[in-house]
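One structure is given here, and the rest of the page talks about it.
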2 protein chains.
Amino acid sequence: MLRLTQHRQSILDLINASNRHWDADEVSRALSDAGQAVGIATVYRGLAALEAAGLLDSIQLADKKRYERADKAHHDHMICTECGHIEEFIHETIEALQLSAAKERGFVLTGHQLTMFGRCKSCDKQE
Amino acid sequence: MLRLTQHRQSILDLINASNRHWDADEVSRALSDAGQAVGIATVYRGLAALEAAGLLDSIQLADKKRYERADKAHHDHMICTECGHIEEFIHETIEALQLSAAKERGFVLTGHQLTMFGRCKSCDKQE
DNA sequence: GGTACGAATGATAATCATTATCGTTATCAT
DNA sequence: ATGATAACGATAATGATTATCATTCGTACC
Ligand SMILES: [Mn+2]
Ligand SMILES: [Mn+2]
Ligand SMILES: [Zn+2]
Ligand SMILES: [Zn+2]
C-alpha cells in the first residue's frame, strides 16, 4: 500500500541516520539544506505514512509531534524542561505493570506514552 | 497572588462539582448554559491561573488540554479511542519506579504524564 | 466616600501546527 | 504507451491557544 517514493525515502533516511526526535519543520529544513527540498505538506504526509507503515515512531508533545527511528526497542522519554534534552529509557517492569493495570479494567491496550519532565543532570548542576 | 474572582470561582465550582476532564470550550459552553457567560479568553486565563495555583489539574492530549479537579490523589489515565471514555488509575509501584528511573539518570523530576490508549471494556465487547 | 493602581475582562486579531483542497505530476500494472 | 491511482506542491483553511488593548473591577489607602 505504501509507496516508498524518493521523497519518503529521503525523510526516512534522514531520520534513520540520527538519534533525534524530529518535528516536521526540522525535517523540512534539513532536507532543504541537503538540496532535496520537499514541500511541507509532503513532509507531513510522508511522516504520517511512514509511521502508519511502522517505519517511524513518534511522540506527541504539548505543542507538536516528533518523529524518530522505529528500529529501536520500545522506550519512553524523560524531557528536560530547561534545555530540551530528551533522554530515553526502557523499563520492562513499568511496561508489564501497565499491561496488567489495563487488563484489570478490561481495557485492551493499543498504545501508551509515558513522558517524564524535569531537569537533566547538567541543567540541575548549574542551579 | 491569585485573585479568586467571581468568574474564576464559577470555573472552579463547575469543575469541582464533576468528575470530568474539561476542555476550555466545554467550560465556556457550560457557563453560558448556566447563565454565567464568560469570555473565552477569560476561561483560558482562568484555567491556567487556577492550575498554577494548584486548584486544578490538567492532562495534555494530542489536540487540547483538559482540566479536572485537583482534590483527588495523583493518578494517570487510560483513554478509550472508540468512545473517548477516560478511566483513571493509581499505581504506586509505577510511580515509584519512575522516580528511581529518573534518579538513576540524574534527572530531577517535576512531573510526568502516563497515558494509555486502547478500547474500554464496553467498546471491546461490541467488536 | 473618593482616588489610584495593578489585575482581570472581553472582543478580536494573531500565532502556530496541522490538515484540506485542487490542479499537476509521478508511479505502477497491464 | 495508456490509464488508474497515489503523491506532490502551493496555498487556503482549521482549530486551539495566546497576544493586544481599551475598558472595568478590586482593593488598599487617604
Ligand atoms: Mn525516543
Ligand atoms: Mn483524571
Ligand atoms: Zn537539561
Ligand atoms: Zn470505549
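In the text below, chain A, chain B and the rest are named by the order of the sequence lines, each starting its count at 1. Being a predicted model, the structure only gives us computed values, none of them experimental. In what follows, every heavy atom counts, from backbone to side chain, and hydrogens, waters and symmetry copies are set aside.
As the counterpart of dT30(C), dA1(D) is assigned, both hydrogen-bonding distances of the Watson-Crick or G-U wobble pattern falling under 3.5 Å.
Within a 6.0 Å radius of NZ in K72(B), other residues, nucleotides and ligands contribute more than 12 heavy atoms.
Rounding to the nearest 0.5 angstrom, the gap separating the CG atom in L47(B) from the CG atom in L12(B) is 10.0 Å. Between the CE atom in M78(B) and the CE atom in M116(B) there is a gap of 4.0 Å [rounded to 0.5 Å]. Note that the NE2 atom of H112(A) and the NE2 atom of H74(A) stand 3.0 Å from one another [nearest 0.5 Å].
Remark: the H21(A) side chain and the E88(A) side chain contain an N/O donor-acceptor pair separated by less than 3.5 Å.
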Evaluate salt bridge (Lys or Arg N to Asp or Glu O under 4.0 Å) for D25(A) paired with R29(A), printing each intermediate quantity in order.
-> CA-CA 6 Å; D25(A) 204 54; R29(A) 241 195 310 277; 2.9 Å; yes
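Between R8(A) atom CZ and dT27(C) atom P there is a gap of 12 Å when expressed in whole angstrom units. Put simply, CD on Q9(B) is 14 Å from P on dG26(D), counting in whole angstrom units. Atom-to-atom, CG of L61(B) to P of dG15(D) comes out at 18 Å; the value is rounded to the nearest Å. Atom P of nucleotide dC8(D) and atom CG of L4(A) are separated by 10 Å, given to the nearest angstrom. One atom, CG of L50(A), and another, P of dA7(D), lie 11 Å apart when rounded to the nearest Å. The distance from atom NZ of K64(B) to atom C1' of dT14(D) is 13 Å, rounded to the nearest whole Å.
Checking the phosphate oxygens (OP1, OP2) of dA7(C), no side-chain nitrogen or oxygen of T5(B) falls inside 4.0 Å. Using a 4.0 Å cut-off, no side-chain N or O of R3(A) falls inside it from OP1 or OP2 of dC28(C).
When each of Q6(A) and R66(B) is assigned the nucleotide of DNA chain D bearing its nearest heavy atom, the one mapping closer to the 5' terminus is Q6(A).
Residue D63(B) is in sugar-phosphate contact alone, with no base atom involved, counting any heavy-atom pair closer than 4.0 Å across all strands shown. Residue D23(B) is out of contact with every strand shown, counting any heavy-atom pair closer than 4.0 Å.
The existence of a salt bridge linking K65(B) and E51(B) is confirmed by a sub-4.0 Å separation between a basic side-chain nitrogen and an acidic carboxylate oxygen.
The stretch residues 26-49 of chain A comes close to DNA chain C through A41(A), Y44(A), R45(A), each having a heavy atom under 4.0 Å from the strand.
Between dA7(D), dT18(C), dT9(C), one nucleotide has an atom nearer to the side chain of H7(B) than all others, and that is dT9(C).
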